[in-house]
Amino acid sequence: MKKLKVFSTVLVFSFLFILSACGTSQNGSQSSGSQKTDAKKTLRVVTDASYAPFEYMDKGQIVGFDVDFVNAVAKEAGYKVNIENVGWDPLFVEIKGKTADIGMSAITINDERKQTYDFSSPYFLSTNMILVPKGSSIKSADDLKGKVVAVQNGTTGQAVVENILGKNSPNVKKFENNNLAIMELKDGGASAVVADNTVVEAYAKNNPSDKLKTISDTKNFAKEYYGLMFPKGSKLEADFNKAIGKVLNDGTYAKIYKQWFKTNPDLKTLKAQQ
Ligand code: ARG
């Protein structure tokens, strides 16, 4: 009797095992198939395309370094991307609410954001910089005290200016995007703009008739790194980090970087961050 019971238990278990094995082999072939042969899912990438040269509108198209970068990385990871210009504040709402897969917007990785979002490994070194009219008496970040400064709302630019002028200072004018902050400076409503170095340098250089210059301040403005931003717990992070490592190593990153910035990237520093 006892033997029979053992035998039937073994039988039941082997039957279950065969069933589950069938299940896995089916699912398995489906998922590995979709990774290798079928196109993987198209990812919804959200951005604020008013931050040249990283992401901006050109003849109705979203273009920039970030666009080329995310396309290269996604391709490497086997995904398609659909980039949508939703704006800066909405981008964070979407990633938090998991209605988009990736935030791509020259987004600085920092501890505060890491509490709510996941980030890829760093892909770009940046720091804040001051943009002023050519004749300005402002020489450093400390000189911003008592001045009206325009920033893009919710950026690290706002944070570093508030470190100097005080949180909620009425002298910090916040705008929905960085182009509006620059417009305020040109209109005389602010004495300076603080935003990412590459952005303000490109602006001053490409718009000589605006007669603007940039001021760096490594004492007050720390090094920052950009990352792709994912909803917390996103499964994409591992795939994308692997792909970022690949494009850094195989020359793709340097090629894109050179196209946009006409110089070679500091790959050593970036790779040390991976
Ligand atoms: N790097 C800064 C930050 O993360 C500014 C980024 C602004 N990007 C943009 N596309 N408007 O806060």
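Read the numbers this way: they start at 1 and go in the same order the structure lists the ligands and their atoms.
Residue contact check: Arg113 has heavy atoms under 4.0 Å from atoms 3 (C), 4 (O), 12 (O) of ligand 1. Against a heavy-atom cut-off of under 4.0 Å, Ile107 is close to the following atoms of ligand 1: 4 (O). Of all atoms in ligand 1, listed by their number and element, those nearer than 4.0 Å to a heavy atom of Thr156 are 2 (C), 3 (C), 12 (O).
Nearest protein heavy-atom contact of atom 11 (N) of ligand 1 is Asp48 OD2, 2.7 Å. The single protein non-hydrogen atom nearest to atom 6 (C) of ligand 1 is Ala106 O, 3.3 Å, given as residue, atom name and distance.
Looking at Ala49, Gly87, Ser105 and measuring to atom 10 (N) of ligand 1, the nearest heavy atom belongs to Ser105.
Val63 has its side chain out of reach of Met57: every pair of non-hydrogen atoms, C-beta onward, lies at least 4.5 Å apart. Side-chain contact between Val193 and Val151: absent, with no pair of heavy atoms (C-beta onward) separated by less than 4.5 Å.
At a heavy-atom distance under 4.0 Å, atoms from both the backbone and the side chain of Thr108 approach ligand 1. Of all the heavy atoms of Gln158, none lies under 4.0 Å from any atom of ligand 1, so neither backbone nor side chain is involved.
Between Leu91 and Met229 the shortest heavy-atom distance is CD2-CE, 3.8 Å. The two residues Asn85 and Thr47 make their nearest non-hydrogen contact at OD1-O, 3.4 Å.
The aromatic rings of Phe65 and Tyr257 sit perpendicular to each other, their planes meeting at more than 60°, with 30° as the lower class boundary.
Distance alone, capped at 3.5 Å, places no donor-acceptor pair between the Tyr123 side chain and the Phe69 backbone.
Ionic pairing of Arg44 and Asp101 is not present here: no N-O contact between side-chain nitrogen and carboxylate oxygen is shorter than 4.0 angstrom.
Assignment of Asn178 to the shell around ligand 1 is not supported, since no heavy atom sits closer than 4.0 Å. Heavy atoms of Tyr226 come nearer than 4.0 angstrom to ligand 1 in at least one pair.
Aromatic ring centres of Tyr225 and Phe119: separated by at least 6.0 Å.
Annotation: Trp88 places no N or O atom under 3.5 Å from an N or O atom of ligand 1; distance criterion only. The shortest N or O to N or O distance between Thr155 and ligand 1 is not below 3.5 Å.
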